Every structure is written in structure tokens, then in C-alpha cells.
Amino acid sequence: MYTQLEQRSMAEPPVNVSTLRKMKQDGEPIACLTAYDASYAALVDVARTDLVLVGDSLGMVIQGHDTTVPVTVDDVVYHSRAVARGLRHAFLVADMPFMSYTNPGQALDNAVRLMQEGGAMMIKLEGGAGQVEIVGHLARHDIPVCAHLGLKPQSVHKIGGFKVQGREPDQARKMVDAAKCLQDAGADIVLLECVPNEVGQAATGELDVPVIGIGAGPHVDGQILVLYDVLDITRGRTPKFVQNFQKDHDSPLAAVQAYVLAVKNRTYPAPEHCFS
Ligand code: KIV
């Protein structure tokens, strides 16, 4: 019987959680991007992106909102299902939107939707030490989890803007300790957004699971960017950590291939993309 996995090339098996862990152990950078539809999913897959995230950034880049707060579980399921159809090789992660994981039961119900209806292989949620119980509950049900720390865009109205996190030594220590607690509770990946290089480096050194960064400096195990930032089609202010890869290339595929190569050979991020 045909399954999606069997249709994939077994000469180059699809990426899974063990592949990502081995890449960390081997020091091979993990190249990650967001995608929101089947066509771009196929494009980033062909470009050999290792991990594709259906981020709640879709609220901003697809739906035109100012924040990710309005995004619903139905929205992520819809986009994740489309992206899943475009992938053959990359590992698919889907975001748990704002207020979709306020308690373990609700988190499990929504994670199951993202996996069963959306085809996700892992879910991502924003949080620190306060999410240990929820991550533990998901892990006990064999739901793979990516824990997103640092700048948490779903908390934008609480923190008063999209700001670098962990600049104070005690904040930085708390963040790395929270990441360790989440790992111990069962998180399989940690994602750090907008933190000084030193925080990315400390978390990467202290954690066994892969640490993926967005504005977290060059020392993390992998990098992720919003696809539309890479292609320079995002409206508004460009964050410091973004590099426009479309500038020197004549097709979206060539731009994404250049991004993947730059992550793999560690020429991205450059010092101008980093926080101190
Ligand atoms: O929603 C998203 O796209 C994300 C990335 C910015 C990491 O969380």
C-alpha cells in the first residue's frame, strides 16, 4: 500500500527527530524555513531545507495582521495540511497558536489536530518554565515538541513590542535553565528568538536537544527564517537578523538554495545579523 512516506525517495530518507539529533551531534547545521502552502513547501523541500515550520507568523505574512495573536488552530491546520502535501524530505513542524495550550488537556487536543488533520510531525509552543507541565503531558502522549523561548511573539502585548530578550545576565540564566527544564520534560527541540549570541551559545552547549535560532547568533545548531523575509516580500520593518537572499538571485528557488548553503557553511548569520 502506498503511503506518503513510501512515495518519498528512500535513497534520501525523510528527516526525522533522530536525524536532527544526529546533525547536532555531528555539528552539521540544520537549515529551517517557514512555509504556508504546497507550492512553496515543494520549493523549500527541493532546496534541501531540513525542517519546515508552519508558523503562526502566517497571521502576519499571509493574513496581514500586525501580530500572530489572531491566528487560530483551524488556520494552522489548513496551512499545515497544504504544506504537508508539498514536502517529501523535510521535517514538518506546526505552531500551536495563541491560547491553544492553556492547560494540558486543551494542548493535547489541539496538538492531535495539528498532527492528524494538519500532517505535522512536531508541534511548537511558546513558553518557559511555566510550560513544563504541558510539555510533559504532550511528551507522555508521544507528541514531539519544539519549545520556543526568547522573544515570544504571542506575548507581544504583555512585553510591549518585539524586543531582544535575555540581555541581563539573570534573565539569560533563567532562559537557559527554563530550556533545560523543558528538555527534561520531553521537548525535542528548543527554538530561541532574538537573544544575544552568548545566550544562543550557552543553550546550545548545555542542551542535548538541537537548538534552532532566529536572531540567536551563529553558535546554535540550526537557523530558521520566515520564508517571505528570505525572499524580501515581507511588508514593513525588516528585523536585524534577516538577510535578503533574493537580492543576488534570479528565482525564489535560487534564493532559498543560497540560504540553505549559507546556513550549512555558517556564512549566515553574519555579525550584522546578531545581537549582543
Ligand atoms: O511563527 C513563526 O514563523 C515562528 C518563527 C519566526 C520561528 O515562530
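It should be emphasised that the depicted structure is a prediction, and the values quoted were computed from it without experimental measurement. Start at 1 and go down the list; that is how both ligands and their atoms are numbered. Index from 1, following the sequence.
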Contact atoms of ligand 1, heavy-atom distance to [X] under 4.0 Å:
X: Asp95; result: 1 (O), 2 (C), 8 (O)
X: Gly55; result: 1 (O), 2 (C), 3 (O)
X: His148; result: 8 (O)

Qualifying residues under side chain to side chain contact (heavy atoms under 4.5 Å, CB included), relative to Asp170, sequence neighbours excluded: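 Only Glu168 meet the side chain to side chain contact (heavy atoms under 4.5 Å, CB included) criterion with Asp170.
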Joint hydrophobic cluster, Ile62 plus Val242, side-chain heavy atoms closer than 4.5 Å: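 Both belong to a single hydrophobic cluster.
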Look at [atom] and say which protein heavy atom is nearest, naming residue and atom and giving the distance to 0.1 Å.
atom: atom 3 (O) of ligand 1; answer: Ser57 OG, 2.5 Å
atom: atom 6 (C) of ligand 1; answer: Ile214 CD1, 3.6 Å
atom: atom 8 (O) of ligand 1; answer: Lys124 NZ, 2.8 Å

Using a strict cut-off of less than 4.0 Å between a Lys/Arg side-chain nitrogen and an Asp/Glu carboxylate oxygen, indicate whether [X] and [Y] qualify as a salt bridge.
X: Arg21; Y: Asp221; value: no
X: Glu28; Y: Lys264; value: yes
X: Arg173; Y: Glu206; value: yes

Non-hydrogen atoms of Ala31 and Thr49 that approach each other most closely: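 Looks like O-CG2, 3.3 Å.
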Heavy-atom distances under 4.0 Å decide this one: backbone, side chain, both or neither, for [X] against ligand 1?
X: Leu58; result: neither
X: Leu53; result: side chain
X: Thr34; result: side chain

Residue pair Tyr36 / Thr34, side-chain donor-acceptor N/O under 3.5 Å: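 Side-chain D/A pair, Tyr36 to Thr34: present.
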Heavy-atom gap Glu126 to ligand 1 smaller than 4.0 Å: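 It does not, in that no heavy atom of Glu126 comes within the 4.0 Å cut-off of ligand 1.
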